[in-house]
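See below for the structure under consideration.
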2 protein chains.
Amino acid sequence: MSLRHAMLGLLANEPASGYDLMKGFETSLSNVWPATQSQVYGELAKLAKAGLLEVSAEGPRGRKEYAITSDGRMELHRWLTEPQPDTPRRSDALLRVFFLNHLTPLEAITYLTGEAERASRQHEALTELEGRIDWGDDPLSVNGRLAFEYGLRFTAMREEWARWAAEELDKTRGE
Amino acid sequence: MSLRHAMLGLLANEPASGYDLMKGFETSLSNVWPATQSQVYGELAKLAKAGLLEVSAEGPRGRKEYAITSDGRMELHRWLTEPQPDTPRRSDALLRVFFLNHLTPLEAITYLTGEAERASRQHEALTELEGRIDWGDDPLSVNGRLAFEYGLRFTAMREEWARWAAEELDKTRGE
DNA sequence: TCCTCCATGTAAACTGTTACATGATTTG
DNA sequence: CAAATCATGTAACAGTTTACATGGAGGA
């Protein structure tokens with residue numbers, strides 16, 4: 001149910017078309033809340049119908065620029081400040097860990113070192129991306145940096161854990 | 001698409017009914033792959049139809065016990081060893097971070113310290129749970145311990161990050 | 001003219017959540 | 001006999017993904 005809030009958040013900075021929003025989802029938000037074009041256009045219509053957005057301008061090629069309404073801002077604020085539940089999240093990667101005993105010890109260790117490498121690659125990709133981004137003083141940059149740091153810490157943690165887990169299995173294997 | 005693999009994984013240890021599986025989803029797998037009763041019964045039927053499971057026994061109250069077939073084991077093995085993509089994951093919590101500039105600095109800091117507290121509570125809940133579990137030598141325990149350690153590291157990382165981020169915002173606020 | 005980018009939408013399939021509905025068996 | 005537990009299923013709805021479908025505008 002957060003796609004709508006991602007869209008409200010982007011439109012709270014400036015009015016934009018569905019096409020413009022897609023660029024936001026493909027770049028800054030791609031690691032946090034990916035969305036498809038189908039979803040975005042569908043949700044724009046729903047949000048406009050609900051009065052949280054309105055068409056603020058029309059351009060060539062049927063372009064419709066949407067702006068957030070004051071109801072939309074209220075909803076965004078409500079979402080940002082509502083009490084958060086302690087959410088359990090799904091994880092493919094961890095699910096596999098539960099069933100590692102159905103592999104040979106060697107295969108299991110291969111899986112875990114693979115995980116470590118994936119995390120490491122993601123960490124590197126983030127570091128590289130961080131260097132390429134032109135960080136400014138604008139709000140999206142300030143918040144983007146916080147999210148970035150989260151990504152760095154998360155990938156580092158995952159790599160360390162996977163290496164540790166592989167070693168644990170390796171120990172057991174010897175017995 | 002991993003519900004089916006969670007079910008195959010559980011049934012690869014021992015045959016079970018839908019009701020039995022639900023206990024697995026509510027306990028060991030609850031933090032990794034929650035599932036509802038509706039899903040489980042529906043998927044059992046599909047898996048049986050696809051030949052990955054078969055009804056191995058029937059009991060009182062219409063109980064049907066399912067066992068994994070060799071096709072099912074092959075599919076489980078394939079899933080465990082297939083190359084993993086570097087998956088982007090959705091995160092409500094991080095999405096909010098991107099839009100923190102639409103709150104007052106004080107509200108934003110409140111959000112982040114709230115995040116820290118949630119992470120801390122989850123960490124404590126895990127530590128407490130770890131003590132209560134009767135860890136054995138069975139495969140689920142061995143792998144469960146690895147997953148547990150992941151949870152502990154993850155919640156610790158999240159708390160540290162949120163405290164750091166709150167401080168960052170606090171610095172900016174002073175300027 | 002051709003290619004790329006801009007731009008919007010619809011339809012089908014799948015996954016997941018919540019609520020509803022039913023009834024047998026065991027235990028206190 | 002009442003309550004808890006065992007046990008299975010269906011229906012409606014919400015969110016996501018993939019594929020399809022169309023066409024205008026601008027630049028080389």
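Labels below follow one simple rule: chain letters A, B, ... track the order of the sequence lines, proteins then strands, and each chain is numbered from 1.
- For residues 11-30 of chain A, proximity to DNA chain D is found at no residue, defined as any non-hydrogen atom under 4.0 angstrom from a strand atom.
- Protein atom CD of A:E58 is 17 Å distant from nucleotide atom C1' of D:dA25, rounded to whole Å.
- For C:dT8, one of the phosphate oxygens OP1 or OP2 lies less than 4.0 angstrom from a side-chain nitrogen or oxygen of A:Y41.
- With hydrogens and angles left out, the side chain of A:Q37 and the base of C:dT8 share a donor-acceptor pair within 3.5 Å.
- A cation-pi arrangement is absent between B:R89 and A:W33 under the rule of less than 6.0 angstrom and at most 45 degrees off the ring axis.
- Rounded to an integer number of Å, the gap from A:H5 NE2 to D:dG15 P is 10 Å.
- A:F98 and B:V142 are assigned to two separate hydrophobic clusters, defined by single-linkage of ILVMFWY side chains at heavy-atom distances under 4.5 Å.
- The side chain of A:T36 lies closest to D:dT17 when the candidates are D:dT17, D:dA25, D:dA7.
- Regarding B:Q39, its CD atom lies at a distance of 5 Å from the P atom of C:dT17, rounded to whole Å.
- None of A:R96, A:R118, A:E117 except one satisfies the side chain to side chain donor-acceptor pair (under 3.5 Å) rule with B:Q84; the exception is A:R96.
- For the pair A:L95 CG and C:dG16 C1', the interatomic distance rounds to 16 Å; values are reported in whole Å.
- Atom pair B:K64:NZ and D:dT8:P shows a separation of 7 Å (rounding to whole Å applied).
- Nearer the 5' end of DNA chain D, as judged by each residue's closest nucleotide, is the contact made by B:E65, out of B:E65 and B:R90.
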Please step through side-chain contact (heavy atoms from CB on, under 4.5 Å) for the pair B:E159 and B:M157, ending with a clear verdict. CA-CA 5 Å; B:E159 182 182 0; B:M157 178 242 119; over 6 Å; no

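- Judged by a 6.0 Å distance limit and a 45° cone about the ring axis, B:R158 is positioned over the six-membered ring of B:F154.
- Using a 4.0 Å heavy-atom cutoff across all strands shown, B:R4 reaches no nucleic acid atom at all.
- The existence of a salt bridge linking A:E75 and A:R73 is excluded, since no basic side-chain nitrogen approaches an acidic carboxylate oxygen closer than 4.0 Å.
- Under 3.5 Å, the side chain of A:S38 and the base of D:dT18 form at least one donor-acceptor pair of N or O atoms.
- Atom CD of A:E43 and atom C1' of D:dG15 are 9 Å apart (whole Å).
- More than 12 heavy-atom neighbours from other residues, nucleotides or ligands sit within 6.0 angstrom of CD on B:E26.
- One atom, CZ of B:R63, and another, P of D:dT8, lie 7 Å apart when rounded to the nearest Å.
- Atom NZ of A:K49 and atom C1' of C:dG9 are 16 Å apart (whole Å).
- Between A:R61 and C:dG9 there is no side-chain polar atom (N or O) within less than 4.0 angstrom of OP1 or OP2.
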